[in-house]
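Since we're looking at a predicted model, the values are computed, not measured. We name chains A, B, ... by the order of the sequence lines, and we start the count at 1 in each one.
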2 protein chains.
Amino acid sequence: MALFLSKTTNKIDQKGRVSLPAPFRATLSQAGARVILFRSPIHNCLEGFDPQFMEDMSARLDNFDLFSQDQDDLATAIFGEAVPVSVDDTGRMVLSEDLMGHANLSNNATFVGLGQKFQIWSPVEFDKRQQEARDNVKSKNLTLPKGGAHE
Amino acid sequence: MALFLSKTTNKIDQKGRVSLPAPFRATLSQAGARVILFRSPIHNCLEGFDPQFMEDMSARLDNFDLFSQDQDDLATAIFGEAVPVSVDDTGRMVLSEDLMGHANLSNNATFVGLGQKFQIWSPVEFDKRQQEARDNVKSKNLTLPKGGAHE
DNA sequence: TACTTTCCCATGATATCCCATATATATCCA
DNA sequence: TGGATATATATGGGATATCATGGGAAAGTA
């Protein structure tokens, strides 16, 4: 399956419209372009998914007890927060005030491909974040283990 | 599996186009020729991978929790920094200003096969690098360990 | 009506495609 | 062996398509 890769910065116009980078559009599953956005629980940024991928998230949630606090917290954080957004035929989507607020977006939005998902950042904040991520990978010596389980 | 071997130097034209050496093209997985480029974190050069390699990385990332700090750091460092590039039917790809800057590229690019990946260097800097690598192997008495794991 | 949201078209910049030429490597034949 | 012709590769430049973005018209809402 296609992946979201690389980063691009696009303008947000006065109507709150941003062009979803063309390569990102291409990795979305169908033509009837839709994206699921929500506010990242750990960063001041937005996260975007192919609607298809939400199914996988749902499957993962099944690993929790249906009535556990954790399951409830996660489900609320994920599905409750999810905002489906449509992409028009010039490739743009509209970001609500609320979403823009969470990510401190004003005039520019940096789209960052993260494989299965992508993130939307204020350009300045992402620079910091990127450096932080690099540092963490280095200092914690993070690698991608080959095998299955990693807990 | 096919490996990237040997080194070649090709011209970069005014549009930023370079021919990917034909042998390298041949080792890429499919016909819909694509390459993933990275800014090397340790050298002033670019690193190139078969897109298949990224798929493998993605599969490994699935072993991490979706919202864990580590997952996010890795994804940002790996997928966020990856630049997918397409190879046209005359075998050329386009290098962005940004990428060329990182590797100090201007008119020529030296492609160096490194097995699973290849590197793109400014010819002058690669000469230095090659000498350095030889010296390191000699002075540190570096050898190739036998088994798979190498910690 | 006043206001917001969606749709449609216009434009400049950039990237992609296509064809032509040059260079190199391989193949063939006398 | 040598020379000439093929085949593959590399490179140059112009035409074309795609993309990001701005503005306005139409449609929906209150």
Taking atom P of C/dA13 as reference, at what distance in whole Å does atom CG of A/Asn10 sit? 17 Å
So do B/Leu46 and B/Leu105 actually touch side chain to side chain, heavy atoms under 4.5 Å? yes
Minimum-distance nucleotide (side-chain atoms of B/Ser86 versus D/dA10, C/dC18, C/dT16): C/dT16
Expressed in angstrom and rounded to an integer, what is the separation of B/Asp89 atom CG from C/dC18 atom C1'? 8 Å
To the nearest Å, how far apart are B/Arg17 CZ and C/dT16 P? 11 Å
Rounded to whole angstroms, how far apart are CD on A/Gln14 and P on D/dG22? 9 Å
Quickly work out the A/Asp88 CG to D/dC19 C1' distance and round it to whole Å. 13 Å
Regarding B/Leu20, tell me which of base, sugar-phosphate or nothing describes its non-hydrogen contacts under 4.0 Å with the strands shown. sugar-phosphate
Parallel, tilted or perpendicular: ring planes of B/His43 versus B/Trp121, cut at 30 and 60 degrees: tilted
Nearest-angstrom distance from the residue atom CG of A/Asp13 to P of C/dC9: 19 Å
Nearest-nucleotide pick for A/Lys15, side chain only, options being D/dG24, D/dG14, D/dG23: D/dG24
Is the number of heavy atoms from other residues, nucleotides or ligands within 6.0 Å of CD (B/Glu132) greater than 12? yes
When the axes are fitted on five pairs at both termini, how much does the helix from C/dT1-D/dA30 to C/dA30-D/dT1 curve, in 10° steps? 30°
When the ring planes of B/Phe118 and B/Phe24 are compared, do they come out parallel, tilted or perpendicular, using 30° and 60° as the limits? tilted
Integer-rounded Å distance: D/dT18 C1' and A/Arg92 CZ: 15 Å
B/Lys11 has a side chain; which of C/dC7, D/dG12, D/dT9 sits nearest to it? D/dG12
Round to a whole Å and report the spacing from CZ of B/Arg34 to P of C/dT16. 9 Å
B/Asp72 side chain to A/Gln119 side chain, donor-acceptor N/O pair below 3.5 angstrom: yes
With a 6.0 Å cut-off (strictly less than), is the heavy-atom count around NZ of A/Lys138, excluding the residue itself, greater than 12? no
Toward the 5' end of DNA chain D, by each residue's nearest nucleotide, B/Thr9 or A/Ser19: B/Thr9
Evaluate the criterion side chain to side chain donor-acceptor pair (under 3.5 Å) for residue pair A/Asp127 and A/Gln131; output intermediate values, then yes/no. CA-CA 6 Å; A/Asp127 283 348; A/Gln131 196 52 56; over 6 Å; no
Go nucleotide by nucleotide along DNA chain C from the 5' end; which of A/Thr90 and A/Val94 gets its closest nucleotide reached first? A/Val94
